[in-house]
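Since the structure comes first, as structure tokens, the remarks are kept for the end.
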Amino acid sequence: MHAFLFLAVPATVLWYIFSDRKRSPVSYIIPVTAGIFSATAYTIIIKFIVTLNEKITDSPAAYIAMLNTRYNLLPVLIICLAYFFISRDSLDFRAKSFVPLALSFEEICCSYFVIGNQEKGSFFLLICLPALIASSYLGAGALLEKAASTFTNNSKDIARTAAFSIAAVILISLVSVVQALWFFNKAAGVYTIFTILLFAAGILTAVLLREKNPDKSPEL
């Protein structure tokens, strides 16, 4: 099961890169490398330099906030926004770079979180969590590609772009919600239902949106 933890997300990244028929896989080297190096630096910092307090809490909301600020949403947003503003590529390619960049980052952060967890041998952490991360980020990537393709200076298009972007953020943050359901409700198995629903939502979003996104977004 540990093999799935270490291979599921990288396999998803490889599939995503080689499924892009419009660009060479070489064009994705920079976002993948940026994700790996930034995640390595980040985990070293939180392990050896800035010790983060991770006391177990009785509050699901506090647990979700901890996951989203330390391992999931916030660090991913920071690295992706930094890449977005530094990159000189087209808006379309910057949107397409989200999946390899974010998943490369999350592979290391997720592995770090699981290996350091007291229940690191659990089925959820070894199988369900990597699958959720892979599917949710694929869905979020498709939403961001749609946001990029609809972006213009028109106020209605700006609103649509914002809506797709917010939906992507929500989809990513829901991974931490399911983790909290697992952590606080293991015996009841409620998290199993939400794991299946979120996994399906991510895959369906990616399938339904990705092929429909036109490759004609403006340069910024």
Side-chain angles (χ1 to χ4, degrees), residues 5 8-9 35 38-85 98-99 101-141 143-144 147 162-202 205:
L5 170 67
V9 173
S38 58
T40 302
Y42 177 70
T43 51
I44 290 174
I45 289 172
I46 63 176
K47 176 66 176 179
F48 299 108
I49 300 176
V50 180
T51 304
L52 298 177
N53 182 13
E54 295 189 5
K55 290 183 179 180
I56 301 301
T57 174
D58 293 329
S59 168
Y63 190 74
I64 292 169
M66 183 274 289
L67 292 174
N68 272 329
T69 55
R70 299 177 187 178
Y71 299 108
N72 190 19
L73 182 62
L74 184 59
V76 168
L77 283 180
I78 291 173
I79 183 62
C80 289
L81 285 174
Y83 177 85
F84 180 87
F85 287 110
F98 169 80
V99 171
L101 174 64
L103 281 183
S104 297
F105 183 93
E106 273 298 291
E107 165 59 19
I108 294 176
C109 282
C110 174
S111 299
Y112 173 83
F113 172 79
V114 172
I115 292 172
N117 196 283
Q118 293 180 347
E119 300 191 48
K120 57 187 175 183
S122 72
F123 180 83
F124 178 83
L125 291 181
L126 293 177
I127 303 296
C128 296
L129 184 57
L132 281 179
I133 289 174
S135 63
S136 297
Y137 278 77
L138 282 175
L143 287 164
L144 291 176
F164 284 121
S165 300
I166 292 170
V169 170
I170 292 173
L171 187 57
I172 293 171
S173 64
L174 286 176
V175 175
S176 296
V177 175
V178 176
Q179 280 185 258
L181 287 173
W182 165 77
F183 184 80
F184 288 99
N185 200 19
K186 300 182 186 68
V190 175
Y191 72 87
T192 303
I193 298 173
F194 287 93
T195 297
I196 295 171
L197 289 175
L198 182 56
F199 179 82
T205 301

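Numbers for residues simply follow the sequence, beginning at 1.
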(request) Could you tell me which residues satisfy ring-ring contact (aromatic ring centres under 6.0 Å, His included) with Phe184, sequence neighbours excluded, listed by chain and number? (result)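 For Phe184, the residues satisfying ring-ring contact (aromatic ring centres under 6.0 Å, His included) (neighbours in sequence not counted) are Tyr63.
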
(message) Tyr83: which residues meet the ring-ring contact (aromatic ring centres under 6.0 Å, His included) condition with it, sequence neighbours left out?
(response)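 Scan of Tyr83 (ring-ring contact (aromatic ring centres under 6.0 Å, His included), adjacent residues dropped) gives none.
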
(request) Could you walk me through whether Tyr42 and Ile79 pass side-chain contact (heavy atoms from CB on, under 4.5 Å), step by step? (result) CA-CA 10 Å; Tyr42 177 70; Ile79 183 62; over 6 Å; no

(request) Can you sort out the partners of Glu106 under side-chain hydrogen bond (donor to acceptor under 3.5 Å, both in side chains), two or more places apart, ordered by chain and number? (result)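 Partners of Glu106 by the side-chain hydrogen bond (donor to acceptor under 3.5 Å, both in side chains) criterion come out as none, since no residue qualifies.
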
For residues 190-201, tabulate all N or O donor-acceptor pairs below 3.5 Å that involve a side-chain atom, not counting sequence neighbours.
unit_1 : atom_1 : unit_2 : atom_2 : d
Thr192 : OG1    : Gly189 : O      : 3.3
Thr195 : OG1    : Tyr191 : O      : 2.7

To the nearest 0.5 Å, what is the distance between [atom1] ([X]) and [atom2] ([Y])?
| X | Y | atom1 | atom2 | result |
| --- | --- | --- | --- | --- |
| Ile170 | Ser136 | CD1 | OG | 12.5 Å |
| Tyr137 | Leu101 | OH | CG | 10.5 Å |
| Cys80 | Ile172 | SG | CD1 | 7.5 Å |
| Cys110 | Leu103 | SG | CG | 10.5 Å |

(message) Taking the side chain as everything from C-beta on, heavy atoms only, tell me whether Ile46 gets closer than 4.5 Å to Tyr112.
(response)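 Side chain of Ile46 against side chain of Tyr112, heavy atoms only: contact under 4.5 Å found.
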
(message) Once side chain to side chain donor-acceptor pair (under 3.5 Å) is applied, what residue pairs with a partner in residues 174-185 remain, sequence neighbours excluded?
(response)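 Only Asn68-Ser176, Asn72-Ser176 qualify under side chain to side chain donor-acceptor pair (under 3.5 Å).
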
Nearest heavy atoms of [X] and [Y], plus distance in Å:
| X | Y | answer |
| --- | --- | --- |
| Phe164 | Ala147 | CB-CB, 3.7 Å |
| Gly139 | Thr205 | O-CG2, 3.6 Å |
| Ala180 | Pro60 | CB-O, 4.3 Å |
| Ala140 | Leu171 | N-CD2, 3.5 Å |
| Ala39 | Ser104 | CB-O, 4.5 Å |
| Leu129 | Val114 | CD2-CG2, 4.1 Å |

(request) Can you spot which of Leu74, Leu81, Val76 makes a side chain to side chain contact (heavy atoms under 4.5 Å, CB included) with Ile78? (result)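 Output: one option passes, namely Leu74.
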
(message) Among Asn117, Leu5, Ile115, exactly one meets side chain to side chain contact (heavy atoms under 4.5 Å, CB included) together with Leu125. Which residue is that?
(response)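 Of Asn117, Leu5, Ile115, side chain to side chain contact (heavy atoms under 4.5 Å, CB included) with Leu125 is met by Asn117 alone.
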
(request) Go through the steps to decide whether Leu143 and Ser165 satisfy the test side-chain contact (heavy atoms from CB on, under 4.5 Å), and finish with yes or no. (result) CA-CA 7 Å; Leu143 287 164; Ser165 300; over 6 Å; no

(request) Would you check if the side chain of Ser111 reaches a backbone N or O of Ile108 as a donor-acceptor pair within less than 3.5 Å? (result)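 Not confirmed, Ser111 side chain does not pair with Ile108 backbone.
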
(request) For the pair Ser135 (side chain) and Leu132 (backbone), establish whether a donor and an acceptor sit closer than 3.5 Å, ignoring hydrogens and angles. (result)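 Yes; at least one donor-acceptor contact below 3.5 Å.
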
(request) Sequence neighbours left out, what pairs pass salt bridge (charged side-chain N to carboxylate O under 4.0 Å, His left out) with at least one residue falling in residues 109-119? (result)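 Those involving residues 109-119 are Glu119-Lys186.
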
